[in-house]
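Quick one: the structure is below, questions incoming.
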Amino acid sequence: MALGTYETILVEKENGITWLKFNRPEKRNCMSPQLCYDMVDALTELATDDETQILVLTGEGEAFTAGMDLRLFFRDLDDKPVERARARAADRSWNWYQLSKFPKPTIAMVNGYCFGGGFIPLCACDFAIADEDATFGLSEVNWGILPGGLVSKVVTMTMNYRKSMYYAMTGDPFDGKTAEEIGLVTYSVPGDKLREETIKLAENLMKKAPAVLQMTKETIRNCATMSVDESYEYIMAKQEQLRWRDTENTRERGMQDFLDDKKYRPGLTAVERAK
Ligand code: COA
């Protein structure tokens with residue numbers, strides 16, 4: 001499939017990092033039905049693409065995304081139930097299920113405006129790094145709808161509960177620094193350092209074995225909604241699964257390098273990847 005030839009998104013690959021970009025800058029990257037269809041296709045391909053070790057989701061121009069496209073996703077589909085059902089299915093598929101279950105680490109690099117429906121892919125990513133001057137907002141209340149799709153759910157799963165209620169009910173915008181303080185993003189940085197800091201995090205992650213990272217993210221995500229007993233059983237089973245999924249034998253090599261060869265300290269750094 002010809003990656004990078006989509007109507008509404010861009011796919012760029014460099015040194016193990018795949019930059020998946022909303023590409024409707026003149027519309028502040030708001031999400032149309034076509035953008036959802038493009039994302040479904042791209043994420044399906046990238047999930048098994050060997051060149052993609054880390055996925056970074058970001059936006060072209062001055063916005064991350066201004067949320068759902070109020071014209072193309074809402075008003076134009078009000079009287080078209082079939083098209084609306086198709087668009088909703090694609091929206092739901094890419095922005096939560098495909099992204100939150102993506103088998104490799106995902107980073108949302110928030111370069112500007114992030115409103116409404118944009119919170120779903122933001123929260124679906126494993127990490128989020130924001131320009132400290134980016135503008136976030138749960139603006140739905142300003143035009144008479146609820147934080148829909150999964151927005152109401154994912155914000156309370158991700159950020160401080162009191163602040164979720166505050167920003168959902170006031171619609172007040174807030175900046176990247178505030179997003180960090182309330183737990184919505186992992187950290188915020190000055191705009192001119194955004195790409196550099198994102199690459200730094202990606203390179204740090206690429207030093208670790210992919211299977212170990214995948215199982216770790218699945219375990220953290222899934223245990224969040226399990227009981228303690230279920231979590232215990234799940235983690236044990238997952239640990240067993242990792243022994244045969246990790247073809248780099250990180251566990252055995254790590255123990256040997258630490259216990260026998262005294263080559264490194266696992267408390268402070270990762271064992272070298274297998275060649
Ligand atoms: N849906 C549809 N169109 C949108 C849009 C959205 N969510 N966000 C921006 N656009 C369009 C504008 O209508 C405008 O289109 P035009 O050039 O045909 O007039 C274009 O994108 C540029 O937007 P504009 O408002 O002129 O840019 P700005 O830089 O002055 O402001 C925002 C940017 C993001 C603050 C402003 O566009 C906005 O408030 N958008 C809505 C955000 C929102 O509430 N999203 C929640 C949806 S769930």
Side-chain angles (χ1 to χ4, degrees), residues 43-44 46-48 52-57 91-108 119-130 138 147-165 167-168 179-187 201-202 204-259 264-271 273-274:
L43 286 169
T44 303
L46 294 173
T48 55
T52 301
Q53 295 180 52
I54 309 288
L55 184 79
V56 177
L57 179 68
D91 172 51
R92 188 175 299 190
S93 174
W94 86 266
N95 71 17
W96 185 253
Y97 293 105
Q98 286 180 279
L99 207 47
S100 67
K101 294 185 190 309
F102 199 74
K104 302 139 194 207
T106 51
I107 304 172
F119 278 55
I120 305 174
L122 171 70
C123 294
C125 287
D126 304 321
F127 305 87
I129 305 180
L138 291 169
L150 276 181
V151 176
S152 296
K153 179 70 178 164
V154 300
V155 290
T156 51
M157 280 164 64
T158 308
M159 69 188 226
N160 175 291
Y161 175 82
R162 283 278 177 214
K163 298 291 186 183
S164 301
M165 189 66 86
Y167 287 114
E180 176 179 349
E181 280 161 23
I182 64 181
L184 180 62
V185 302
T186 317
Y187 44 87
L201 173 59
N204 184 15
L205 292 165
M206 284 191 277
K207 290 184 189 144
K208 292 162 174 69
V212 181
L213 283 176
Q214 183 183 353
M215 301 281 130
T216 301
K217 77 183 255 184
E218 289 173 3
T219 302
I220 293 285
R221 279 189 185 278
N222 291 326
C223 288
T225 53
M226 286 180 185
S227 69
V228 171
D229 284 351
E230 287 165 344
S231 297
Y232 189 79
E233 294 302 326
Y234 178 86
I235 295 165
M236 293 291 280
K238 207 74 181 157
Q239 186 63 60
E240 294 301 316
Q241 184 189 14
L242 181 56
R243 296 284 296 277
W244 63 265
R245 281 286 297 278
D246 180 18
T247 51
E248 297 189 19
N249 289 325
T250 309
R251 179 181 186 272
E252 287 69 26
R253 288 188 308 100
M255 286 202 208
Q256 167 148 359
D257 283 2
F258 177 55
L259 299 175
Y264 90 123
R265 291 186 170 76
L268 303 179
T269 184
V271 67
R273 298 271 313 270

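Computed from heavy atoms alone, side chains included, the values below leave out hydrogens, waters and symmetry copies. In this chain, residues are counted from 1 in sequence order.
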According to salt bridge (Lys or Arg N to Asp or Glu O under 4.0 Å), does anything in residues 217-230 pair up with another residue at least two apart or in another chain? List the pairs.
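As it turns out, the salt bridge (Lys or Arg N to Asp or Glu O under 4.0 Å) pairs with a partner in residues 217-230, which skip direct neighbours, are D126-K217, D126-R221, E218-K238.
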Can you tell me if T106 uses its side chain to pair, donor with acceptor, with the backbone of L55 under 3.5 Å?
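Side chain of T106 to backbone of L55, a donor-acceptor pair under 3.5 Å: no, none is there.
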Between OG on residue S164 and CG on residue L138, distance to nearest 0.5 Å:
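If I round to the nearest 0.5 Å, the distance is 7.5 Å.
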Determine whether L201 and I54 make a side-chain contact, defined as any pair of heavy atoms from C-beta on separated by less than 4.5 Å.
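No, every pair of side-chain atoms sits at 4.5 Å or beyond.
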What's the spacing between R245 CZ and Q214 CD if we round to 0.5 Å?
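Taking CZ in R245 and CD in Q214, the distance rounds to 5.0 Å.
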Distance (rounded to the nearest 0.5 Å) between F119 CZ and T158 OG1:
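If we round to the nearest 0.5 Å, F119:CZ and T158:OG1 are 10.0 Å apart.
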To the nearest 0.5 Å, what is the distance between CE (M215) and CG (N222)?
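Those atoms lie 11.0 Å apart.
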Side-chain (K163) to main-chain (G183) donor-acceptor, under 3.5 angstrom
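Not confirmed, K163 side chain does not pair with G183 backbone.
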Is the side chain of N249 donor-acceptor paired with the backbone N or O of E252 at a distance under 3.5 Å, no angle test?
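Not at all, since once roles are kept as given, no pair shorter than 3.5 Å links the two residues.
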Straight-line distance of T186 OG1 to I107 CD1, nearest 0.5 Å
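Answer for the OG1-CD1 pair, T186 versus I107, is 8.5 Å.
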Quick check: closest heavy atoms across P103 and A47, and the distance to 0.1 Å?
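The pair with the smallest heavy-atom distance is CG-O, 3.4 Å.
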Without swapping roles, check the side chain of R251 against the backbone of R243 for a donor-acceptor pair under 3.5 Å.
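Not a single qualifying donor-acceptor pair exists.
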Can you find a heavy atom in the side chain of Q98 that is under 4.5 Å from one in the side chain of T44?
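Q98 vs T44: side chains touch.
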Please report the closest heavy-atom contact between A274 and E248, naming both atoms and the distance.
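Closest approach of A274 to E248: N-OE1, 3.3 Å.
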Kindly compute the distance separating CD1 (I220) from CD1 (I235), expressed to the nearest 0.5 Å.
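Answer for the CD1-CD1 pair, I220 versus I235, is 8.0 Å.
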Spell out, as yes or no, whether a donor-acceptor pair under 3.5 Å connects the side chain of K104 to the backbone of T52.
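Such a contact is found between K104 side chain and T52 backbone.
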Give the minimum heavy-atom separation between A211 and D246, together with the two atoms involved.
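Heavy-atom minimum between the residues: CB-CA, 3.8 Å.
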If the condition is side chain to side chain contact (heavy atoms under 4.5 Å, CB included), which residues does F258 pass it with, not counting sequence neighbours?
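In terms of side chain to side chain contact (heavy atoms under 4.5 Å, CB included), with neighbours along the sequence ignored, F258 is linked to Y264, P266.
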